[in-house]
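Below: one structure in structure tokens.
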Amino acid sequence: MKITLNGETKECPTGITIDRLLELYNFDKHRTVVELNSNIIPRKEHSSQKIKDADVLEVVIFVGGG
């Protein structure tokens, strides 16, 4: 299925969860916030929230420093 991830069209397996998607694209899931179709998804729901065809995701990565 096709999704939009951070503005780019990507292929991913059907029925994939947010947790698995973050692993698939090498995001550090402990330092990210995920927005799915304009809704922020709480981290505790990442392992159960499935992604559907044509979903739009934005993954924001927190970076430390000063």
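All values below come from the heavy atoms of this structure, side chains included, with hydrogens, waters and symmetry mates left out. Index from 1, following the sequence.
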Just wondering, do Val33 and Ile40 contact through their side chains at under 4.5 Å, heavy atoms?
yes
Separation between CD1 of Ile18 and CD of Glu35, rounded to the nearest 0.5 Å
11.0 Å
Test your reading of the model: is there a side-chain donor-acceptor pair from Arg31 to the backbone of Phe62, 3.5 Å cut-off?
yes
Heavy-atom neighbours of Leu24 CG exceed 12 at 6.0 Å:
yes
Please check if the number of heavy atoms outside Lys10 that lie under 6.0 Å from its NZ is greater than 12.
yes
So which of Leu36, Asn37, Ile41 actually passes side chain to side chain contact (heavy atoms under 4.5 Å, CB included) with Leu57?
Leu36
Is the closest side-chain heavy-atom distance between Met1 and Glu11 below 4.5 Å?
no
Atom CD in Glu8, atom CD1 in Ile3: separation rounded to 0.5 Å?
11.0 Å
Closest approach of Lys29 to Thr32 (non-hydrogen atoms, all atoms of both residues):
O-OG1, 3.4 Å
So do Val34 and Leu21 actually touch side chain to side chain, heavy atoms under 4.5 Å?
no
Nearest heavy-atom approach of Asn6 to Glu58 is OD1-CA, 3.2 Å
Using side chain to side chain contact (heavy atoms under 4.5 Å, CB included) as the criterion, point out the one residue from Val56, Leu5, Ile16, Thr17 that pairs with Ile51.
Ile16
